[in-house]
Amino acid sequence: MTTASFTLQDFDAAAFLRDYWQKKPLLIRAPWAQWFNPVDPDELAGLACEPLVESRLITHRDHAWELEHGPLPETRFAQEARGPWTLLVQSVDHHLDAVAALLDPFRFVPNWRIDDVMVSYAVDGGGVGAHFDHYDVFLVQGLGRRRWELGALCDEDTPLLAHDGLRLLAEFEATEEWILEPGDILYVPPRFAHRGTAVGDDCMTYSIGFRAPSRAELIEAWADDMVSDLSDSDRYTDPHLAQQDNPGEISVDAIAQLQGMIAETLLDRSQFARWFGQFNTAPKNPEIDWKPEQTAAARDIGQLLADGHSLIRNPASRFAYLREQDSAVMLFADGHCFECTDDAATFAQAICQETELSPRHDLSSDTLELIAALYNEGSLGFDIDA
Ligand code: SIN
Ligand code: CO
């Protein structure tokens, strides 16, 4: 299977990371050799009607914001509009290869930071209103034109409009604005207020979104995982308890020992690393399931590769690896962990780098076993299955 590719021309990724990433917005005008819009509006509307696809329709009517969650009835798009509206479809890269390919030019940011590609379609005047996100985003204008306005840096105390489902700013004052044409990109770092408004109908925008775990989410999930392995009899002990002047005091020593019980468990770096790889690669859309009807053995995999078939990563699968000592790596895919050495480790790194791979040389049985496990889990497929 061949999907058209996207490449940024004359884009200095190292300079971008140094000067803009997480620091300040950047407008990048027409960086592509040739821009083409990867999804047409009808295809996007079709996705919004599917039950397993996350979508929202936002309408601005009489100074109020209306939010409708998908799946949307097919008739919705034929109805008379009641005000400027926009359709937002989440994780389109997990569903369509042409949109997954749009992530490739942004791979100078590691896989584990990538969230998904959200695609919006708006009629003239449509948009989601002024807001801020907690994540970095590249807003790629796909079709039509959109006015982007940028405002101040926000935080938890920034006043929001009272709305159950939308986090819109109560006040917004633009400090900069641009009209983006097809192929233009606006990079917005976390917490910068922004507002995108369609200028004319048929406005499509691709949000290449990143993720960054919050401290609260990390502590909660890591502690939750940790407790499942802890024994109920692993408890505070005080065989050397000394008599206290005041029985009401919790002694400094007791506090130090209690906190130590938590710290020594939570600070185990290697257990944390293994857990984080699995946590971070847990699938966002597990229903995009490539599990084969019949499981394959290592020899079947060897045969398919010998026949010249390429391996393809399930676009909904998340791949990352951690380097261990010597030449070993821990490969993570869809929440699973695989210990890899020698040529399996080389393969693990290659499949994290490329979304499609054609290993031509002889692979060890360990590597074929690894590929079979990934294939049977639905994280990898062959070009013939797709
Ligand atoms: C949009 O595409 O209209 C919204 C994207 C965003 O502001 O994050
Ligand atoms: Co936004």
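Just so it is clear, the values below take in all heavy atoms, side chains as well, and ignore hydrogens, waters and symmetry mates. Just follow the structure's listing: the first ligand is 1, and inside any ligand the first atom is 1.
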Fill in: Sequence-distant partners of R313, salt bridge (charged side-chain N to carboxylate O under 4.0 Å, His left out), two or more places apart
none
Worksheet item: Considering residues at least two apart in sequence or located in another chain, which fulfil the salt bridge (charged side-chain N to carboxylate O under 4.0 Å, His left out) criterion with D157?
Response: none
Discussion item. Suppose we screen for side chain to side chain contact (heavy atoms under 4.5 Å, CB included). Which residues come up paired with V137, at least two apart in sequence or across chains?
Written reply: L139, V188, S207
Practice prompt. Indicate the ring-plane relationship of F276 and W112, choosing parallel, tilted or perpendicular according to the 30° and 60° boundaries.
Written response: perpendicular
Item to complete: May I ask you to decide if the ring planes of F6 and W35 are parallel, tilted or perpendicular, using 30° and 60° as cut-offs?
Response: tilted
Worksheet item: Listing by chain and number, which residues have a heavy atom under 4.0 Å from ligand 1?
Response: M118, S120, H131, D133, L139, R146, W148, H194, T205, S207
Practice prompt. Measure from the side-chain N and O atoms of T265 to the backbone N and O of M261, and report whether any donor-acceptor pair falls under 3.5 Å.
Written response: yes
Fill in: CD/E171: more than 12 non-hydrogen atoms of other groups inside 6.0 Å
no
Worksheet entry | H194 NE2 and H131 NE2 subtending at the Co ion (ligand 2) (10° steps) | 90°
Worksheet item: Among the N, O or S atoms that D133 has, which is closest to the Co ion (ligand 2)?
Response: OD2
